[in-house]
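A quick note: this is a predicted structure, and the numbers were derived from the prediction, not measured. First the proteins, then the strands, lettered A, B, ... as listed; each starts at 1.
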Protein chains: 2
Amino acid sequence: MKNNEDINSQPELLSIIDGTKSYIYEQLWNICAGPLCDLPKPGEKVYYFPQGHIELVETSTREVLLDEMRPNINLPSKLPCPVISIQLKMEKNTDEVYAQISLMPDTTEVVIPITNDGNRKPMVCSFTKALTASDTSTHGVLSLPKKHALECLPPLDMSQPVPTQELVVKDLHDNQWTFKHTFRGTPRRHLFTTGWTAFVTSKKLAAGDNFIILKGENGELLVGIRRAKYEIDHIPSSVISAQCMLHGVIASVVNAFNTNCMFIVVYKPRASQFVVRYDKFVDALKNKFNFGSRFKMRCEGEDFSEKRYSGIVIGVKDFSPHWKNLEWRSLQVQWDEVSPQKPSS
Amino acid sequence: MKNNEDINSQPELLSIIDGTKSYIYEQLWNICAGPLCDLPKPGEKVYYFPQGHIELVETSTREVLLDEMRPNINLPSKLPCPVISIQLKMEKNTDEVYAQISLMPDTTEVVIPITNDGNRKPMVCSFTKALTASDTSTHGVLSLPKKHALECLPPLDMSQPVPTQELVVKDLHDNQWTFKHTFRGTPRRHLFTTGWTAFVTSKKLAAGDNFIILKGENGELLVGIRRAKYEIDHIPSSVISAQCMLHGVIASVVNAFNTNCMFIVVYKPRASQFVVRYDKFVDALKNKFNFGSRFKMRCEGEDFSEKRYSGIVIGVKDFSPHWKNLEWRSLQVQWDEVSPQKPSS
DNA sequence: TTGTCTCCCGTGGGGAGACAA
DNA sequence: TTGTCTCCCCACGGGAGACAA
């Protein structure tokens, strides 16, 4: 069954804010975001790094803009900002989760109440499966781990010779998907058959990508994905030029600080680290990474195991000529074993 | 043959500026743009309407931003600008043609030489076919009008019982496509068979869309499309917020005028009319459209015949509260026959 | 327990002429 | 001249158990 026809008629982005669904949708968003996502909460204070923001725009437009812009940048290297509000969203075409964060220039007058979300925690049950080559082949059958199928899926009528049921699930776009859930083969195992290929095709899933199922307390099923390899999405400059986009980032922030009004930034769990929680930042600063320091970092492994790499700091250099000696600096690390990666404190 | 695998690895946008290919590629761009496209030339002076630019961004982001921004807009309603340079481009996913125009704030000191392109005009031969239901059906055969096939395609070996040849063509992205060209059926006719469906699928063509073939003087074949129904592409706000985009448009222009440097705008032949050739604008102003005036306009018909509509002006109102009584104003027209549309002078 | 293979069958897509507007 | 239909055939995709890691 092809459920993907009306994807284009959906509102482009889903704001997960409506009452009843809010909590379970938020849970799904977090699982899709992955274990390394460190989203701030409304009311919390963060540091906003304009440079990081600009770099993301550069990368997204495949243009190097910072140097051209040099004379016009007149921003501090980091700006302390309370978080006004957060909208959890998901990119329409790729299902990449991101958040739109409204930030306020830091003024002691404005007090944003920290949202109290400790009271409402319905039970949710979920599982994540890394798709195998067979799962994503043209044969179109998803093999479900027995434990997860029993825990999260409605029970099958095992008195039947071939127990079968139809499961209707929703993704974060509120699109509906139908999977035929059967228990067959020798030995018997839980499978998604009809409907699975359509899902794989529509979401462009490949072996290694993660399939997520989440059951709400009322039994409703939600599905999500997390891709194995993260690809930054390159936005076309066919509406506004890359030049405009960079101007926009800077102008929005400058305007916000001049008129003391909020500005909006996009937080991508797997890309943008230019919005950092205040206490995380303070913690990081305590570790003065200097030459010869041992260095450890968590990193998304290819299979989403939270790999930890460690190495020795062999250099400290300024990241950009625009902001000298700022705390967001590049460390050159000699890794103990594996692939180098550019970390920021 | 699936030629569309490497589309994503192409540079996102093609700049048609390289020497030998330049002229024929430019021709194809123009045919794809349609007969109503009125692109200025480098060196020519145009009027730039910030409001029109902002409206396009609004539409593209599906947000109404102008009202929120009111205090910050401090721009003239129209700005005279010489055109510094033009890059003809095509959107990667939709094949929509557009141009990136570099504009300079109008200063009498700078004289931009008008490019002389009258000397190099190689013969090109082209045809455009509106696709029928059969052309785009799963049967995957394009029926070629005999006259056009004879004029533009390499001659078939008619001594064969079923004359057949393979044609390798390129689109503006420089992607290669292969079509099997045969002459069969009773009565005999020219057809594209193998390879045609892949093209239709990849370009997401539907009945009514136009298929364009153009033959360069050296015999190379180029292909292009023009869609029947124009759809504005909605850019995702998953990289920068809509707020940033609007700020960017305004900031780019303000910055250009403050520092006397160029700024870049995107010209979409079928969407943006906020860059208007100077003399076209002057011509238009001569017609003072007032109450009761007869009004005529050219309009893209569904089949791309340049339909002309006419009617009576029944109202003149300011288009935006930001700019009073400007020349870019909305006319309310009572049409003689058909569908109303909102024109601007 | 679950990943991959192979077998089997039915659907549907591509390629051909028929026919008519 | 060319748009649409129908026919035919083969390839491929889905659904099933076999088998082994």
- DNA chain D: 5'-proximal contact among Pro187(A) and Arg188(B) (nearest heavy atom): Arg188(B)

- Message: Which is more 5' along DNA chain C, the nucleotide nearest Leu144(A) or the one nearest His139(A)? Just name the residue.
- Response: Leu144(A)

- Item | Span of DNA chain D, from the first to the last nucleotide whose atoms fall under 4.0 Å of chain A heavy atoms | dG13(D) to dA20(D)

- Would you please test Cys32(A) and Ile225(A) for side chain to side chain contact (heavy atoms under 4.5 Å, CB included) and show each step? CA-CA 6 Å; Cys32(A) 291; Ile225(A) 59 168; 6.0 Å; no

- Note on the structure: Per nearest nucleotide of DNA chain D, the residue lying toward the 5' end, Thr138(A) or Arg189(A), is Thr138(A)

- Using a 3.5 Å cut-off on both pairing distances, which stems of three or more Watson-Crick or G-U pairs include DNA chain C? C:1-21 with D:1-21

For residues 153-162 of chain A, tabulate all N or O donor-acceptor pairs below 3.5 Å that involve a side-chain atom, not counting sequence neighbours.
{"unit_1": "Asp157(A)", "atom_1": "OD1", "unit_2": "Ser159(A)", "atom_2": "N", "d": "3.1"}
{"unit_1": "Asp157(A)", "atom_1": "OD1", "unit_2": "Ser159(A)", "atom_2": "OG", "d": "2.5"}
{"unit_1": "Asp157(A)", "atom_1": "OD2", "unit_2": "Ser159(A)", "atom_2": "OG", "d": "3.3"}
{"unit_1": "Asp157(A)", "atom_1": "OD2", "unit_2": "Gln160(A)", "atom_2": "NE2", "d": "3.1"}

- Thr193(A) near the nucleic acid: base, sugar-phosphate alone, or nothing, with a heavy-atom cut-off under 4.0 Å? sugar-phosphate

- Message: Less than 4.5 Å apart, side chain to side chain, heavy atoms only: is that true for Lys203(A) and Asp171(A)?
- Response: yes

- Message: Checking the side chain of Trp29(A) only, and the main-chain atoms of Lys89(A) only, is there a donor and an acceptor separated by less than 3.5 Å?
- Response: yes

- Ignoring hydrogens and angles, tell me if any N or O in the side chain of Thr94(B) forms a donor-acceptor pair with the backbone of Glu96(B) under 3.5 Å. yes

- Mind checking Ser143(B) for me? I need base, sugar-phosphate or nothing, with any heavy atom below 4.0 Å counting as a touch. sugar-phosphate

- Query: Across the strands shown, which category fits Thr132(A) at heavy-atom distances under 4.0 angstrom: base, sugar-phosphate, nothing?
  - Reply: sugar-phosphate

- Query: Touch check for Ser137(B), heavy atoms < 4.0 angstrom, all strands: base, sugar-phosphate only, or nothing?
  - Reply: nothing

- Between Lys129(A) and Asp135(A), is there a salt bridge with N-O shorter than 4.0 Å? yes

- Query: Pick one: which of Leu221(B), Ile24(B), Val169(B) meets side chain to side chain contact (heavy atoms under 4.5 Å, CB included) with Lys215(B)?
  - Reply: Leu221(B)

- Item | Phe211(B) and Trp196(B) aromatic centres sub-6.0 Å | yes

- Note on the structure: Which of Ile212(B), Leu144(B), Ile31(B) passes side chain to side chain contact (heavy atoms under 4.5 Å, CB included) with Phe127(B)? It is Leu144(B)

- Message: Once you apply a heavy-atom cut-off of 4.0 Å, does Lys129(B) come out as touching a base, just sugar-phosphate, or nothing?
- Response: sugar-phosphate

